Amino acid sequence: MRLKRTSMCSLLRGKDKDKDVVLAGWVKKRRDHGGLIFIDLGDKSGIIQLVFNPIIDKDSHTQAHSIREGWVIAVKGKVKMRAEDSINPKLKTGKIEIIVKELKILNTSQPLPFPIEDKIETNEEVRLRYRYLDLRRPIMQRNIYLKYRINKQVRDFLHKRGFTEIETPFLTQSTPEGARDYLVPSRLSPGEFYALPQSPQLFKQLLMVAGFDKYFQIVRCFRDEDLRADRQPEHTQIDIELSFIEEEDIYDLIEKMFSFVFNEVLGISLETPFPRFSYEEVVSRYGTDKPDIRFGLELKNISSLVSSCKFEVFRKVLEKGGKVKGLRVPRGSSLSRNDIEKLIREITFYGAKGLSWIIFASKEKIRSPLVKFFSKSELLKIVEYMEGEEGDAFFFIADEKTVVNEALSHLRLYLAKKFHLIPEKTHRLLWVINFPLFEYDKEGKLAPCHHPFTSPREEDLPLLEESPEKVKARSYDIVMDGEEVGGGSIRIHRRGIQERVLEILGMTSLQAREKFGFLLEALSFGAPPHGGIAIGLDRLTMILAGEKSIREVIPFPKTQKAVCLLTQAPCPVNEEQLKELHLKVEE
RNA sequence: GGGGCCGUAGUUCAGUUGGUUAGAAUGCCUGACUGUCGAUCAGGAGGUCGCGAGUUCAAAUCUCGUCGGCCCCGCCA
């Protein structure tokens with residue numbers, strides 16, 4: 001006989017007393033007193049206590065002895081108020097319990113490899129192998145629901161504003177630049193491959209040419225690059241593109257969208273507009289293009305202060321065109337030599353060769369390796385320039401510009417965590433704008449800062465020829481709590497400029513036509529001015545969930561070696577499959 | 001490609017200078033128990049010390065290699 005559930009476990013309350021109900025779910029806990037048996041029954045709503053009493057129903061009580069954690073059962077019973085002294089304030093359903101009259105065991109379970117609860121110390125390896133159990137934990141359910149709610153609010157918001165969700169292909173063409181592509185061999189075209197999209201970039205531009213005007217898609221993107229805590233081979237993007245717009249339209253739209261979503265999902269109201277910083281400014285003040293501005297510790301350039309000092313390290317760096325920058329740690333004078341050694345180790349990963357420091361306990365008590373090279377008044381001058389007070393510590397790095405910035409921005413974050421300077425549950429969003437259009441890569445080649453379809457600023461067009469590195473892009477990043485959560489640009493919509501940019505990037509017109517011919521052609525058929533943005537849904541969810549890894553908000557993520565521990569993908573395939581695809585595997 | 005941390009019972013960990021039968025907590029199994037909610041009490045089972053080789057009278061422990069997980073650099077237009 002079938003028991004059809006009448007309520008979710010955790011939705012019952014005192015007002016339901018004396019009701020007959022049917023509940024179904026997982027056995028979370030069993031407390032067997034021989035006579036009475038208590039079982040905590042749980043589902044996605046939460047848990048409720050069942051009471052098995054041999055006097056009420058001998059059969060179910062006998063069966064309940066054999067029930068174990070993780071089993072799936074359905075029960076029919078009556079909602080009863082608990083006695084005053086046996087109320088459990090920890091449960092939403094703690095004032096009531098279900099007196100079981102009938103029990104049906106729907107499934108048994110092996111003993112669980114780890115407890116289904118929030119605070120577990122289990123290895124991630126084990127969690128990933130049994131991901132379906134890991135996902136049963138309330139915190140994981142919360143994360144997945146959170147992502148869904150964000151997803152849903154974004155859709156609602158964009159829908160209300162006249163956007164249309166349009167799909168784009170997953171089997172598409174490999175692009176020469178950017179990240180490595182995931183390739184898919186073609187059976188029907190021997191020796192040829194599709195690529196999984198790194199983003200729907202070109203297709204959404206084509207949709208603008210097609211006149212759809214306002215497009216969005218919540219879409220998977222693929223990149224075959226090495227993984228990190230905030231990077232997975234496939235991630236989900238909120239992809240947006242509009243026609244006949246400018247930067248301000250995007251800022252306005254996205255600020256409204258974030259405000260709406262934050263308010264609907266978390267009840268947080270955001271201050272708009274978000275502050276805007278130029279690329280140059282954030283790099284100078286924070287050493288990175290994705291600063292966390294929830295705390296200070298800003299970088300200061302002391303190059304001019306030390307340009308003629310006795311300290312050779314500083315002088316030589318400056319002679320070679322490098323920089324000396326530093327930051328002030330309020331009340332940092334408590335740092336020990338050991339702590340400082342640790343800081344030095346931290347920055348060496350970023351290529352910094354050394355760290356200079358001043359421990360400014362008081363005007364009389366200054367500890368620093370620089371005392372050998374600087375007079376006391378010179379040191380005080382530096383402290384004054386850094387706006388220091390007694391009890392502060394100061395750290396300086398001298399090197400070429402990028403090393404100084406990267407090392408100091410890392411140091412800044414490290415110290416902020418160490419001194420608990422980052423306010424919890426506070427979010428700060430900002431725009432980074434005025435990026436250069438190009439930058440030089442390691443081989444000294446010009447590469448796009450954003451991507452090769454980004455429009456240069458109109459007024460910089462003349463610079464494109466003589467000094468392309470000075471051209472500013474019409475691109476923008478949105479940064480939240482030190483994470484880049486999105487970025488986009490106004491695109492090039494005129495064929496001539498697009499051809500010119502590809503040429504500057506070192507592509508012959510033949511190569512350009514081969515790879516992007518369809519785009520160039522599309523631009524020549526009345527492409528409207530257009531632009532857009534892509535928001536990283538996983539990163540956004542991660543931050544809002546307060547998680548440190550993107551894997552915590554992706555139901556079935558991959559390990560650092562891009563392996564799925566649950567399914568064991570990737571795996572070898574048989575000869576026949578390879579043959580069909582015209583592939584041979586090299587030993 | 002490189003650096004760091006880690007791998008011992010189902011799980012989380014301890015394991016001293018290389019030395020007896022590798023321990024603890026929790027989980028699991030059996031039994032007792034009518035108001036528990038971290039139930040309690042009594043008893044019990046459970047180990048390829050990731051894998052391989054080497055050094056040694058003797059290896060969880062030392063060496064080399066290898067596999068796997070995490071963090072990071074490179075990479076990620």
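Chain letters run A, B, ... following the sequence lines, proteins first, then strands; residues in each count from 1. On a predicted model such as this, the values are computed, not experimentally measured, just so you know. Side chains included, hydrogens not; waters and symmetry mates left out as well; all remaining heavy atoms used.
Between B:C73 and A:Arg228, a contact under 4.0 Å exists linking OP1 or OP2 to a side-chain N or O. The phosphate of B:G10 (OP1 or OP2) has no side-chain N or O of A:Arg129 nearer than 4.0 angstrom. An OP1 or OP2 oxygen of B:A77 is reached within less than 4.0 angstrom by a side-chain nitrogen or oxygen of A:Arg223. For B:G69, one of the phosphate oxygens OP1 or OP2 lies less than 4.0 angstrom from a side-chain nitrogen or oxygen of A:Thr559. Side-chain nitrogen and oxygen atoms of A:Arg231 include none within less than 4.0 Å of the OP1 or OP2 phosphate oxygen of B:C75. Between A:Arg551 and B:C71, a side-chain N or O to OP1/OP2 separation shorter than 4.0 Å is present. For B:U12, the OP1/OP2 oxygens have a side-chain nitrogen or oxygen of A:Asn123 closer than 4.0 Å. OP1 or OP2 of B:G38 lies within a sub-4.0 Å distance of a side-chain N or O belonging to A:Lys90.
Nucleic acid contact class of A:Thr122 (heavy atoms, under 4.0 Å, all strands): sugar-phosphate only. Using a 4.0 Å heavy-atom criterion, one finds that A:Asp224 contacts no nucleic acid atom at all. Counting any heavy atom pair closer than 4.0 Å across all strands shown, A:Ile120 reaches no nucleic acid atom. Within the 4.0 angstrom heavy-atom criterion, base atoms lie near A:Asn53. Within the 4.0 angstrom heavy-atom criterion, base atoms lie near A:Phe38. Among the heavy atoms of the strands lying under 4.0 Å from A:Glu121 are primed sugar atoms or P, OP1, OP2 only; no base atom is included. As judged by a 4.0 angstrom heavy-atom cut-off over every strand, A:Glu84 is placed among residues making no nucleic acid contact.
When the C1' atom is compared between B:C71 and B:A25, the two are found 28 Å apart, to the nearest whole Å. Taking atom P in both B:G7 and B:A77, the straight-line distance is 35 Å, to the nearest Å. Comparing the same atom, P, in B:U12 and in B:G2 gives a spacing of 29 Å after rounding to whole Å. Between B:C73 and B:G38, the two P atoms lie 42 Å apart (nearest whole Å). Separation of the C1' atoms belonging to B:A45 and B:G54 is 36 Å when rounded to the nearest angstrom. To the nearest whole angstrom, the two P atoms, one in B:G10 and one in B:U55, are 32 Å apart. The separation of B:G50 from B:U36, taken at their P atoms, amounts to 44 Å, rounded to a whole angstrom. The gap from the P atom of B:G15 to that of B:A53 amounts to 27 Å, rounded to the nearest Å.
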| request: Give the C-alpha distance, both sets of side-chain angles, the deciding distance and a yes or no for salt bridge (Lys or Arg N to Asp or Glu O under 4.0 Å) between A:Glu552 and A:Arg127. | output: CA-CA 11 Å; A:Glu552 302 297 325; A:Arg127 290 176 52 203; 2.9 Å; yes

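Side-chain contact of A:Asn143 with A:Glu547: a donor-acceptor pair under 3.5 Å is present, judged by distance alone. Side-chain atoms of A:Tyr286 and A:Asp292 include no donor-acceptor pair closer than 3.5 Å. Between the side chains of A:Thr236 and A:Arg220, at least one donor N or O lies within less than 3.5 Å of an accepting N or O.
The residues A:Lys353 and A:Asp399 are annotated as salt-bridged, a charged nitrogen and a carboxylate oxygen being separated by less than 4.0 angstrom. A salt bridge links A:Asp134 to A:Arg131: at least one charged side-chain nitrogen sits closer than 4.0 Å to a carboxylate oxygen.
Shown here, B:G35 forms no base pair; nothing in the strands shown gives a Watson-Crick or G-U wobble contact with both key distances under 3.5 Å. Pairing of B:C62, defined by two Watson-Crick or G-U wobble distances under 3.5 Å, is identified with B:G54. Within the shown strands, B:C6 is the pairing partner of B:G68 under the Watson-Crick or G-U definition, both distances less than 3.5 Å. In this structure, B:C28 forms a base pair with B:G44, meeting either the Watson-Crick or the G-U wobble geometry with both donor-acceptor distances under 3.5 Å. In this entry B:A14 has no Watson-Crick or G-U wobble partner, no candidate having both defining distances under 3.5 Å.
The listed nucleotides are B:U34, B:A77, B:C37; the one nearest the side chain of A:Arg31 is B:C37. Nearest nucleotide to the A:Ser199 side chain, out of B:A77, B:C75, B:C29: B:A77. Residue A:Glu225 has its side chain nearest to B:C76 when only B:C33, B:U34, B:C76 are considered. The side chain of A:Lys29 lies closest to B:A39 when the candidates are B:U36, B:A39, B:C75. Closest contact between the side chain of A:Gln560 and the listed nucleotides B:U34, B:C70, B:U36 involves B:C70. For A:Tyr350, the side-chain atoms get nearest to B:C73 when compared with the rest of B:C73, B:C28, B:U12. The side chain of A:Asp226 approaches B:G74 more closely than any other nucleotide in the set B:U11, B:G74, B:G35. Of the candidate nucleotides B:U36, B:G69, B:C76, B:G69 has the atom lying nearest to any side-chain atom of A:Lys561.
Stacking annotation: A:Phe349 is not stacked on the base of B:C73 (requires ring centroids less than 5.5 angstrom apart and an interplanar angle below 30 degrees). No aromatic stack links A:His33 and the base of B:G35, using centre distance under 5.5 Å and interplanar angle under 30°.
Ring geometry for A:His33 versus A:Phe38: interplanar angle over 60°, hence perpendicular rather than tilted (30 to 60°). Between A:Tyr132 and A:Tyr130, the two ring planes are perpendicular [angle over 60°; tilted spans 30° to 60°].
Residue A:Glu97 places a side-chain atom within donor-acceptor reach of the base of B:G35, judged by atom type and a 3.5 Å distance cut-off alone.
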